[in-house]
A.B. asks: 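Next up is a structure, given as structure tokens.
Sequence positions, counted from 1, serve as the residue numbers for this chain.
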Amino acid sequence: MSGDETGARGFPAFAARRGSRARGQSWWGKAWADALEDTSLEEDALKNGRAYARTGRLGPITVSPGRISTTGYEGDTPFKTVLTLEQLDEDDWESLWEKTAERPDVVEELLAGELPPDLLEAAEDARVRLLPGYGDLEADCDCDAFDHPCKHAAALCYQASWLLDEDAMLLLLLRGRGAQEAQDELRSVLLMQAILGGLGDEDEDEDDTDTDADAGAANDEAQQEQTQAAAVQLPDGTPAEEVFGRAPAPLPELPPLPGPPPGQDASATGVGADPLEQLVTTAAVRARELLAYTHGFTAEPPAPLDLWRDCVRIAATRPGAQVLARLREACGSPQQLDRAAEAWRLGGSAGLDVLEEAWTPPQADIARARTALTAGWEHNELPELEVRDNRWTLAGTGLQLRYGRDGRWYPYRQEDGRWWPAAAPRHDPAEVLAELLDG
């Protein structure tokens, strides 16, 4: 999978599923398939689509706001298939989040990255349609079939339910909102409701008698806790005026800057400008990796570098000739260091792992890669592949693809009996192979 939260996201082609069901198996996958079948008048087209979806002959799928697309081949003839779904407007989204905010269980699951089935009830209350209805899903394919929808478009409709099995939040993306954007909007609605609720309680307290003072104070305290809880989830960049109803007080004047540090001759310390720049850059990259883990963008924190990997990292930054010569001499194998540094330059720490480690990928990943290569191959016949672990060698060409644990394919080229990294990795093995053959 590739892409970002609010724009297009790419998914590898599905492998053949002979003998299995064509409808999604999760709650949302089944709901999508039900909506598709309930709103279609062409039972034969759906039947052909179910059969074609299981063949694994559709290519990689791209999902973006209001759109699902794929490409494939029918014999030697390429085709492109696009499904379009009407996006919700701003008023629809606002109404949906207001109704969702009334359901604490739904709010909790949505903010945790899940799409609860009860969201459909909130959508009905808001008079908003999430699943496709009559005339809501349009299909277009440039094949020559007379059926509408053709088997390619119908198959893509069913494969969309498989995507919802893997990530139900894609339904929001199809309606116009990425997961992060949807969560931020919901948090904003929760915050505003908490603030307005607190203001309403304050007005009522002014009319209460002295005998109700204790109850009013307790209610104020509860509202304050609710407001603080919502503010913890406040989206970044929200102006203070929106939160507190008034502009913040001006900050005090900054204290004067301290004087410059005492000068020191670089020749005396052995540290010049270039090594310092490299250290600063390395620290920034390390900080970014730690922040990515802290914010949930990566599953694990960055692993500490051992002596070898740190040497490779330094060599990959193209240091001065003197530093590089010392590194090559210290490691005892200059060519090994050169290869490792090139792998790091092209793929980072994951690229070094691909160079040094062989492993056995899951069968599903292997099947998707074969499908992608077959679908994306423009010549008469795909070159023979010798597959060993995560390394796919094109027989007699001196070219190789290596599959990394990060889900990317790394191109390699044989030089003087050794495999050298050839270019930056990509998620689509067909693109990597085409670049290798054109190089």
A.B. asks: So Trp32 and Leu171, do their side chains get closer than 4.5 Å, heavy atoms only?
C.D. replies: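 Sidechains of Trp32 and Leu171: in contact.
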A.B. asks: Is the distance from the ring center of Tyr412 to that of Trp419 below 6.0 Å?
C.D. replies: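 No, they do not, as the ring centres are separated by 6.0 Å or more.
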A.B. asks: Let me confirm one number: the CD-CZ distance from Gln87 to Arg175, rounded to the nearest 0.5 Å.
C.D. replies: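 Output value for this atom pair is 9.5 Å.
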A.B. asks: Using 30° and 60° as the class boundaries, would you call the ring planes of Tyr52 and His152 parallel, tilted or perpendicular?
C.D. replies: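 If you compare the ring of Tyr52 with that of His152, the planes turn out perpendicular.
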A.B. asks: For Glu435, is there an ion pair with Arg426 - N to carboxylate O distance below 4.0 angstrom?
C.D. replies: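 Result for this pair is yes, salt bridge flagged.
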A.B. asks: May I ask you to say whether Asp306 pairs ionically with Arg309, meaning some side-chain N is under 4.0 Å from a carboxylate O?
C.D. replies: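 Judged by the 4.0 Å cut-off on N to carboxylate O distance, Asp306 and Arg309 do not form a salt bridge.
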A.B. asks: Does the pair Asp125/Arg103 count as a salt bridge with the N-to-O cut at 4.0 Å?
C.D. replies: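 Here Asp125 pairs with Arg103 in a salt bridge, since their nearest N and O are under 4.0 Å apart.
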A.B. asks: Side-chain contact, heavy-atom cut-off 4.5 Å: Asp406 with Asp353?
C.D. replies: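 Contact flag for Asp406/Asp353 side chains = no.
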A.B. asks: Just wondering, do Leu337 and Trp308 contact through their side chains at under 4.5 Å, heavy atoms?
C.D. replies: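 The answer is yes; the side chains approach within 4.5 Å.
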A.B. asks: Give a yes/no verdict on a cation-pi contact between Arg405 and Trp359, requiring under 6.0 Å between NZ or CZ and the six-membered ring centre and an angle within 45° of the axis.
C.D. replies: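 Geometry flag: set, cation within 6.0 Å and 45°.
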A.B. asks: Thr70 and side-chain contact (heavy atoms from CB on, under 4.5 Å): which partner among Thr62, Thr81, Leu83?
C.D. replies: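 It is Thr81, the one option of Thr62, Thr81, Leu83 that forms the side-chain contact (heavy atoms from CB on, under 4.5 Å) with Thr70.
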A.B. asks: In Å, rounded to the nearest 0.5 Å, how long is the span from CZ of Arg54 to CH2 of Trp162?
C.D. replies: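 Arg54 CZ to Trp162 CH2: 8.0 Å, rounded to 0.5 Å.
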A.B. asks: With a 4.5 Å heavy-atom cut-off, do Trp28 and Leu170 have their side chains touching?
C.D. replies: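 No. Closest side-chain heavy atoms not under 4.5 Å.
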A.B. asks: Can you tell whether the side chains of Arg67 and Asp140 come within less than 4.0 Å, N to carboxylate O?
C.D. replies: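 So Arg67 does not pair with Asp140 through a salt bridge.
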A.B. asks: Check whether more than 12 heavy atoms from other residues, nucleotides or ligands sit under 6.0 Å from atom CD of Glu114, and answer yes or no.
C.D. replies: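 No - once you tally the heavy atoms of other residues, nucleotides and ligands closer than 6.0 Å, there are 12 at most.
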A.B. asks: Is Arg328 salt-bridged to Asp338, cutoff N-O under 4.0 Å?
C.D. replies: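 Judged by the 4.0 Å cut-off on N to carboxylate O distance, Arg328 and Asp338 do form a salt bridge.
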A.B. asks: How about CD on Glu356, more than 12 heavy atoms from neighbouring residues, nucleotides or ligands closer than 6.0 Å, or not?
C.D. replies: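 Atom CD in Glu356 is crowded, with more than 12 foreign heavy atoms closer than 6.0 Å.
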A.B. asks: How about Asp167 and Arg9: do any of their side-chain heavy atoms sit closer than 4.5 Å?
C.D. replies: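 Contact flag for Asp167/Arg9 side chains = yes.
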A.B. asks: Side-chain contact test, heavy atoms from C-beta onward, threshold under 4.5 Å: evaluate it for Leu436 versus Leu394 and give yes or no.
C.D. replies: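 Contact flag for Leu436/Leu394 side chains = no.
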A.B. asks: Looking at Glu74 and Arg57, is there a salt bridge between them, counting it only when a charged N and a carboxylate O are closer than 4.0 Å?
C.D. replies: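 Between Glu74 and Arg57 there is a salt bridge, with a charged N closer than 4.0 Å to a carboxylate O.
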A.B. asks: Going by atom types only, do Gln400 and Thr393 share a side-chain donor-acceptor pair under 3.5 Å?
C.D. replies: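 Checked: Gln400/Thr393 side chains pair up, N/O donor to acceptor below 3.5 Å.
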A.B. asks: Any heavy-atom pair between the side chains of Lys151 and Thr55 that's under 4.5 Å?
C.D. replies: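 No, every pair of side-chain atoms sits at 4.5 Å or beyond.
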A.B. asks: Run the salt-bridge test on Glu342 and Arg345 with the 4.0 Å N-O cut-off and return the result as yes or no.
C.D. replies: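 A salt bridge is present here (some side-chain N lies under 4.0 Å from a carboxylate O).
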A.B. asks: Could you tell me whether Asp184 and Arg187 make a salt bridge, using a distance below 4.0 angstrom between a side-chain N and a carboxylate O?
C.D. replies: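 So Asp184 pairs with Arg187 through a salt bridge.
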A.B. asks: As an exercise, state the distance from CG of Leu130 to CG of Leu172, rounded to the nearest 0.5 Å.
C.D. replies: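 Leu130 CG to Leu172 CG: 6.5 Å, rounded to 0.5 Å.
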A.B. asks: Any cation-pi pair here, Arg177 with Trp97, using under 6.0 Å and within 45°?
C.D. replies: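 Geometry flag: not set, cation outside 6.0 Å or 45°.
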A.B. asks: With a 4.0 Å cut-off on N to O distance, would you call Arg50 and Glu43 a salt bridge?
C.D. replies: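 Yes, Arg50 and Glu43 are salt-bridged.
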A.B. asks: Whether Lys30 and Glu37 form a salt bridge (side-chain N of Lys/Arg under 4.0 Å from carboxylate O of Asp/Glu) is what I want to check.
C.D. replies: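 Salt bridge flag = no for Lys30 with Glu37.
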A.B. asks: When you look at Thr100 and Val107, which way does the side-chain contact (heavy atoms from CB on, under 4.5 Å) test go after all the steps?
C.D. replies: CA-CA 6 Å; Thr100 302; Val107 169; 4.2 Å; yes
A.B. asks: Would you check if Asp118 and Asp105 make a side-chain contact, meaning some heavy-atom pair closer than 4.5 Å?
C.D. replies: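 Side chain of Asp118 against side chain of Asp105, heavy atoms only: no contact under 4.5 Å found.
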A.B. asks: As an exercise, state the distance from CG of Leu401 to CZ of Arg391, rounded to the nearest 0.5 Å.
C.D. replies: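 Taking CG in Leu401 and CZ in Arg391, the distance rounds to 12.5 Å.
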A.B. asks: Kindly say whether Ser26 contributes a backbone atom to a donor-acceptor pair with the side chain of Asp165 at under 3.5 angstrom?
C.D. replies: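 Between the backbone of Ser26 and the side chain of Asp165 there is a qualifying donor-acceptor contact (under 3.5 Å).
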A.B. asks: To the nearest 0.5 Å, what is the distance between CD on Gln159 and CZ on Phe11?
C.D. replies: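 Gln159 CD to Phe11 CZ: 12.5 Å, rounded to 0.5 Å.
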A.B. asks: What heavy-atom pair brings Gly49 and Tyr158 nearest, and what distance separates the two atoms?
C.D. replies: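 Scanning both residues, the minimum pair turns out to be C-CD1, 4.2 Å.
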A.B. asks: Taking the six-membered ring of Tyr410 (Phe, Tyr or Trp), confirm whether the NZ or CZ of Arg402 is under 6.0 Å from its centre and within 45° of its axis.
C.D. replies: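 Arg402 over Tyr410 ring: no.
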A.B. asks: Any sub-3.5 Å donor-acceptor pair from Ser69's side-chain atoms to Val82's backbone N or O?
C.D. replies: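 No; judged by distance alone, with no hydrogens or angles, the pair does not exist.
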A.B. asks: Can you measure from CE (Met169) to CG (Leu110) and round to the nearest 0.5 angstrom?
C.D. replies: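 So the gap between those two atoms works out to 5.5 Å.
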A.B. asks: When you look at CD of Glu185, are more than 12 heavy atoms from neighbouring residues, nucleotides or ligands closer to it than 6.0 Å?
C.D. replies: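 Yes.
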